[in-house]
**Student:** 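First, the structure itself, so that you have it in front of you.
All chains are named by letter (A, B, ...) in the order of the sequence lines, taking the proteins before the strands, and each is independently numbered beginning at 1. Please read all numbers here as calculations on a predicted model, not as lab measurements.
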Amino acid sequence: MNNPHPAGLKDLVARQIPRRYRAEWLFEKAGLGALVVGLGFLAFFFYTLVMNGYTAFWQSRIALDVPLTAAVIDPDGTRDVDLIGQANYQGLLRDALRTRFPEVTARGELRSLFALLSPGASFELRDRVLTDPSVIGSAVEFWAVADDDVDMLIKGHSSRDVPESDRRLSDQQLAWIDALQADGAVEKRFNRAFFTSGDSRDPELAGIWSATVGSFFMLLVTLVLSFPLGVATAIYLEEFAARSRWTDLIEVNINNLAAVPSIVFGLLGLALFINLFGMPRSAPLVGGLVLSLMTLPVIIIASRAALTAVPPSIREAALGVGASKMQMVLHHVLPLAMPGMLTGAIIGMARALGESAPLLMIGMVAFIVDTPQSPVDPATALPVQVYLWADSPERAFVERTSAAILVLLVFLLLMNAVAVILRKRFEQRF
Amino acid sequence: MGLTLFGYLMGRQRALVGFGGKRSSAFHSLPGYYGGYVALWCAIPALAILALWVIAEPVLIERAVIAALPDDLQVLPAQRLGLVYNDIRNLVSGNILSGEADANILAAAEHYSRLKANSRLLLSGVLFVLAFAGMLWSLARVKPALRARIHVEGVVEYLLVAASAVAILTTIGIFLSVLFEALRFFSEISPIEFLFGTEWSPQTAIREDQVGSSGAFGAIPLFAGTLLISGIAMLVAVPVGLMSAIYLSEYASGRVRSYAKPLLEILAGIPTVVYGYFAALTVGPMLRDLGESFGFVVASESALGAGLVMGIMIIPFVSSLSDDVINAVPQALRDGSYGLGATKSETIRQVVFPAALPGIVGAVLLAVSRAIGETMIVVMAAGLSANLTANPFEAVTTVTVQIVTLLVGDQEFDSAKTLAAFALGLVLFVVTLLLNVVALSVVRRYREQYE
């Protein structure tokens, strides 16, 4: 051996062993720690979301005995729907509140008493009367939607302990709410409006339905455009094209497009579709076009993987019995690769559903109350609705935002679950 | 459409029944292909004309309408004339006008709608005749000797080629559309000033004497802010992502791996707007309170908050890419290292990591490009004012934030303010493209090394 002190070296190695093992231990734990940090964040994230958001699925309502006086609603007794629809339901609700609290008479006090109810309560009362005009003339127990400030108090999101000047509700309003609660006249009920109505300036009336429909139209456009195009491209690249400069160019392009920031696609949509082609702003059609360009690379890459997974024996068998190349691909390879392609398409759709940056560019951030009827109506999308609500100052919108996010995540989870099931079910081992 | 379907059936029928006394088995191709042949002849010429028509119609109508306008309107400069024409179109579609409509405009509007109706009528006529002629001509050609399959398959193959060209067209489209607007911007503001100026305040003055609207377009503060936030994100994402990738691929048992990996990927599936909400409403205030208790002043829209959350978003990206890379390192290298008496962590640090380094660098570059282009987190959690600082507790703004703020809301396309967004977009596109090309080529070369 070259080493003049073999004994010393042995000793050195032996002395280093505990230190090396310690380093070994430390390294493994550092890896575990990193993993725990990542997963811990995930848990913290869902915890915050759920804790913030689950209350939005319930909405505080205040029970009132509303006398549906025929003289106010239908003075002529004609039961004419237009006439009934125009009656002063707000006045009826206010009368009901006044009879509930007869001691309140001053104008300012009355105004703050009426503020306990949401401005939307009268519309609900109207709809109730319109669906069943026979109640006119009798007194009904009506659960009126409470204002968002009341709602927050009842759900415990706003505190009573801060000084009155820092509170959204005055001491007097608190006393009224307490009195109502003592009567059992305040209740949290399932918040249907959240799922069925559009956006609103009043948090207690705001819902995600119009945004959901907007997202739906957008995904429809995206699917119709990007799936056939993506599959066709994948078939061409995998089955027909010989490796050449042209196909290399396409490949590089596809890989790069998959990594271009989404906001740049938004710029493209703005400059090309809206500015040059004059398409309508805020329309799901344009949003769908932009998103399909974004989804295309995802679908192409997944479809190519699905095509390569089909074994050559299938192709050779088809060619062997006299099929042309096109017949071989369309009749035999494509059906076998379809589940994989669909999985890729669903994952691409899920990504498109969560995308919002390019939609900001093409004007889909408008305040939309009405539900869009077609892909060219102004609309907004679920993630954009989240963005809009997150900017709103009211405390009640924090709750709605979290709830909207939960709904969005449920959609994403469902889509991914479908993709996984599809893959499991049609997975074939060749 | 209907005619196309009819053509398909006719062609198929003709081939099925046989032609000229010969049985259908004498035909070169299957009956369906003859149907397809006729249908294609029906549809393709008609669709081509339709496309041309849609492109040419507005231009021709605009010319005709303007030519019919009274002389005093015709002498207007091009821009004013454009406004008048817009008014006419708005009038026809029932939109709000920019002013009172006078008799001239009303007459022109009528002219416009008449022209439009005529053109539509003519179009449907031409389309029908063309489709019918195509059908007759191709039906006449349906004979046993016609190699319909070859023709149909040729067309289908061209369609496939066309589909694959969309990817290239998109890239070209992005580049050109952003480039053109950016060039318009650079004709007003010099590129030198844009790239190296340190003052960013894009509000241009409406009145001459307005205060605080210098209209300065120096993008250095934006680049600095972007780099700061991306840097913080990488400081979070690279160690955590890399270490969890190492743990998952080298240490974890199969069971842990099968649970932890999909869970980590969930982080990648969460929409960015959700991260933005989280950064703005939970992390931002939390950092501010934390800073207060230590006596720091932390802005609630600090670079730190946005960077941290962005880092968490990128963790799964880094970890899954480096996981692939680490798994690609041949087992023989590890075995050799163990044979020399190295411990597991020594093997990883001194053998596996250097061997995987090019791939990991590629993954990090891809992650950087992701961080630079990320929009929603910074729009919601980072500041708006351009601030040239390296202090992570202050609010900074980024390129993407400025693009969004410049372009959301009402806008006209001739002000430097909106065009500046496209110049920023061009910079963003070019930078991320370069990063991607470099990263992908590094990763590819690395893979080839071990294959």
**Student:** Heavy-atom cut-off 4.5 Å, strictly under: side chain, backbone, both or neither for A/Asn52 against chain B?
**Tutor:**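 It is the side chain, since no backbone atom gets that close.
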**Student:** Where does B/Val161 contact chain A at under 4.5 Å (heavy atoms): side chain, backbone, both or neither?
**Tutor:**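 It is both, since atoms from each part get that close.
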**Student:** Would you name the heavy atoms of B/Arg349 and A/Ala23 that are closest together and state the gap between them?
**Tutor:** NH2-CB, 4.2 Å
**Student:** Which bit of B/Glu157 comes within less than 4.5 Å of chain A, counting heavy atoms only: side chain, backbone, both or neither?
**Tutor:** both
**Student:** Locate the shortest heavy-atom distance separating B/Val404 from A/Met361; write the atom from each residue and the value.
**Tutor:** CA-CE, 3.6 Å
**Student:** Return the CG to CD distance between B/Leu160 and A/Glu239, rounded to the nearest 0.5 Å.
**Tutor:**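 Result: 10.5 Å between the selected atoms.
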**Student:** Under a 4.5 Å heavy-atom cut-off, does chain B meet the side chain of A/Leu49, its backbone, both or neither?
**Tutor:** side chain
**Student:** Given that the side chain runs from C-beta out, which part of B/Leu435 has a heavy atom under 4.5 Å from chain A: side chain, backbone, both or neither?
**Tutor:**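 No part of B/Leu435 comes within 4.5 Å of chain A.
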**Student:** Less than 4.5 Å to any heavy atom of chain A: does that hold for the side chain of B/Val236, its backbone, both, or neither?
**Tutor:**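 No part of B/Val236 comes within 4.5 Å of chain A.
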**Student:** Which region of A/Ile250, side chain (C-beta onward) or backbone (N, CA, C, O), has a non-hydrogen atom less than 4.5 Å from a non-hydrogen atom of chain B, or is it both or neither?
**Tutor:**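 For A/Ile250, the contact with chain B is made by backbone and side chain together.
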**Student:** Which heavy atom of B/Ser369 sits nearest a heavy atom of A/Ala259, and at what distance?
**Tutor:**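 Where B/Ser369 meets A/Ala259 most closely, the heavy atoms are OG-O, 4.4 Å.
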**Student:** Determine, stepwise, if the pair B/Thr282 / A/Phe45 fulfils side-chain contact (heavy atoms from CB on, under 4.5 Å).
**Tutor:** CA-CA 9 Å; B/Thr282 312; A/Phe45 180 78; over 6 Å; no
**Student:** Please check: side-chain N/O of A/Glu24 versus main-chain N/O of B/Thr343, any donor-acceptor pairing under 3.5 Å?
**Tutor:** no
**Student:** Find out whether B/Val437 and A/Asn256 are in side-chain contact, i.e. whether some heavy atom of one side chain is under 4.5 Å from a heavy atom of the other.
**Tutor:**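 Contact flag for B/Val437/A/Asn256 side chains = yes.
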**Student:** How about A/Phe27 and B/Lys344: do any of their side-chain heavy atoms sit closer than 4.5 Å?
**Tutor:**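 With C-beta onward as the side chain, the pair stays apart.
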**Student:** Short question: side chain of B/Ser244, backbone of A/Ala34 - any donor-acceptor pair under 3.5 Å?
**Tutor:** no
**Student:** Can you tell me which portion of A/Leu32 sits under 4.5 Å from chain B's heavy atoms? Options are side chain, backbone, both or neither.
**Tutor:**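 Both parts, heavy atoms under 4.5 Å.
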**Student:** Once rounded to the nearest 0.5 Å, what's the spacing between atom OG1 of A/Thr48 and atom CE of B/Met286?
**Tutor:** 8.5 Å
**Student:** Hey, what do you get for CD1 (B/Ile266) to CG (A/Asn416), rounding to the nearest 0.5 Å?
**Tutor:** 9.0 Å
**Student:** So what's closer than 4.5 Å to chain A heavy atoms on B/Ile348: side chain, backbone, both or neither?
**Tutor:**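 Answer is side chain: those atoms of B/Ile348 sit under 4.5 Å from chain A.
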**Student:** Checking heavy atoms, do the side chain of B/Ile312, its backbone, both or neither come under 4.5 Å from chain A?
**Tutor:**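 Side chain only.
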**Student:** Any side-chain heavy-atom pair from A/Ser324 and B/Glu153 closer than 4.5 angstrom?
**Tutor:**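 Yes - at least one pair of side-chain heavy atoms lies under 4.5 Å apart.
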**Student:** Which value, rounded to the nearest 0.5 Å, describes the distance between A/Leu42 atom CG and B/Glu265 atom CD?
**Tutor:** 11.5 Å
**Student:** Under 4.5 Å from any heavy atom of chain B, what part of A/Phe41 do you find: side chain, backbone, both or neither?
**Tutor:** side chain
**Student:** So which of A/Leu268, A/Ile254, A/Thr247 has the largest heavy-atom pair count under 4.5 angstrom toward chain B?
**Tutor:**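 Of the options given, most contacts go to A/Leu268.
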**Student:** Using a cut-off of under 4.5 Å on heavy-atom pairs, state which of A/Gly38, A/Pro383, A/Pro261 scores highest against chain B.
**Tutor:** A/Pro261
**Student:** Evaluate the side-chain proximity of B/Thr170 to A/Leu257: yes if any heavy-atom separation is below 4.5 Å, no if none is.
**Tutor:** yes
**Student:** Non-hydrogen atoms of chain A under 4.5 Å away: do they reach the side chain of B/Thr432, the backbone, both or neither?
**Tutor:** side chain
**Student:** Does A/Phe411 have more than 12 heavy atoms from other residues, nucleotides or ligands lying within 6.0 Å of its CZ?
**Tutor:**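 Not more than 12 within 6.0 Å, no.
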**Student:** What part of A/Ser356 lies closer than 4.5 angstrom to a heavy atom of chain B: side chain, backbone, both or neither?
**Tutor:**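 Interface part for A/Ser356: both.
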**Student:** Please state whether the side chain, the backbone, both or neither of B/Ile174 comes within less than 4.5 Å of a heavy atom of chain A.
**Tutor:** both
**Student:** Which atom pairs, donor and acceptor, lie under 3.5 Å between side-chain atoms of residues 267-281 of chain B and protein residues at least two apart or in another chain?
**Tutor:**
from, atom 1, to, atom 2, distance (Å)
B/Tyr275, OH, B/Leu267, O, 2.5
B/Tyr277, OH, A/Val398, O, 3.3
B/Tyr277, OH, A/Ser402, OG, 2.5

**Student:** Output the distance between atom CD1 (A/Ile263) and atom OG1 (B/Thr375), rounded to the nearest 0.5 Å.
**Tutor:**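 A/Ile263 atom CD1 to B/Thr375 atom OG1 measures 4.0 Å (nearest 0.5 Å).
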**Student:** Which atoms of A/Tyr21 come close to chain B, meaning under 4.5 Å heavy atom to heavy atom: side chain ones, backbone ones, both, or neither?
**Tutor:** side chain
**Student:** So do the side chains of B/Leu264 and A/Leu35 get within less than 4.5 Å of each other, counting heavy atoms only?
**Tutor:**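 Yes, side chains in contact.
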**Student:** Step through the shown structure and confirm whether more than 12 heavy atoms of other residues, nucleotides or ligands are within 6.0 Å of CZ on A/Phe240.
**Tutor:** yes
**Student:** If you measure from the Lys or Arg side-chain nitrogens to the Asp or Glu carboxylate oxygens, is any gap between A/Arg20 and B/Glu346 under 4.0 Å?
**Tutor:**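 Yes, A/Arg20 and B/Glu346 are salt-bridged.
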**Student:** With only heavy atoms counted, which part of A/Leu408 is less than 4.5 Å from chain B, the side chain, the backbone, both or neither?
**Tutor:** side chain
**Student:** Output all residues satisfying side chain to side chain donor-acceptor pair (under 3.5 Å) with B/Ser177, sequence neighbours left out; order by chain, then residue number.
**Tutor:**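 Once residues adjacent in sequence are excluded, B/Ser177 has no partner under the side chain to side chain donor-acceptor pair (under 3.5 Å) criterion.
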**Student:** Contact part of A/Leu412 toward chain B, heavy-atom cut-off under 4.5 Å: side chain, backbone, both or neither?
**Tutor:** side chain
**Student:** Among A/Leu249, A/Val264, A/Val37, which has the most heavy-atom pairs under 4.5 Å with chain B?
**Tutor:** A/Val264
**Student:** Enter the distance from A/Trp25:CH2 to B/Ser345:OG here, rounded to the nearest 0.5 Å.
**Tutor:** 12.5 Å
**Student:** Given heavy-atom pairs under 4.5 angstrom as the criterion, report whether the side chain, backbone, both or neither of A/Leu409 touches chain B.
**Tutor:** side chain
**Student:** Give a yes or no on this: more than 12 heavy atoms of other residues, nucleotides or ligands lie within 6.0 Å of atom OH of B/Tyr338.
**Tutor:** yes
**Student:** Would you mind reporting whether A/Leu272 and B/Leu176 have side-chain heavy atoms less than 4.5 Å apart?
**Tutor:**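 No, too far: nothing below the 4.5 Å cut-off.
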**Student:** Tell me, do B/Leu407 and A/Leu267 make a side-chain contact under 4.5 Å, heavy atoms counted?
**Tutor:**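 The answer is yes, as the side chains (C-beta and beyond) meet within the 4.5 Å cut-off.
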**Student:** Could you tell me if the side chain of A/Thr233 sits less than 4.5 Å from the side chain of B/Val166, heavy atoms only?
**Tutor:** no
**Student:** Between B/Arg370 and chain A, which part of the residue has a heavy atom less than 4.5 Å away: side chain, backbone, both or neither?
**Tutor:** neither
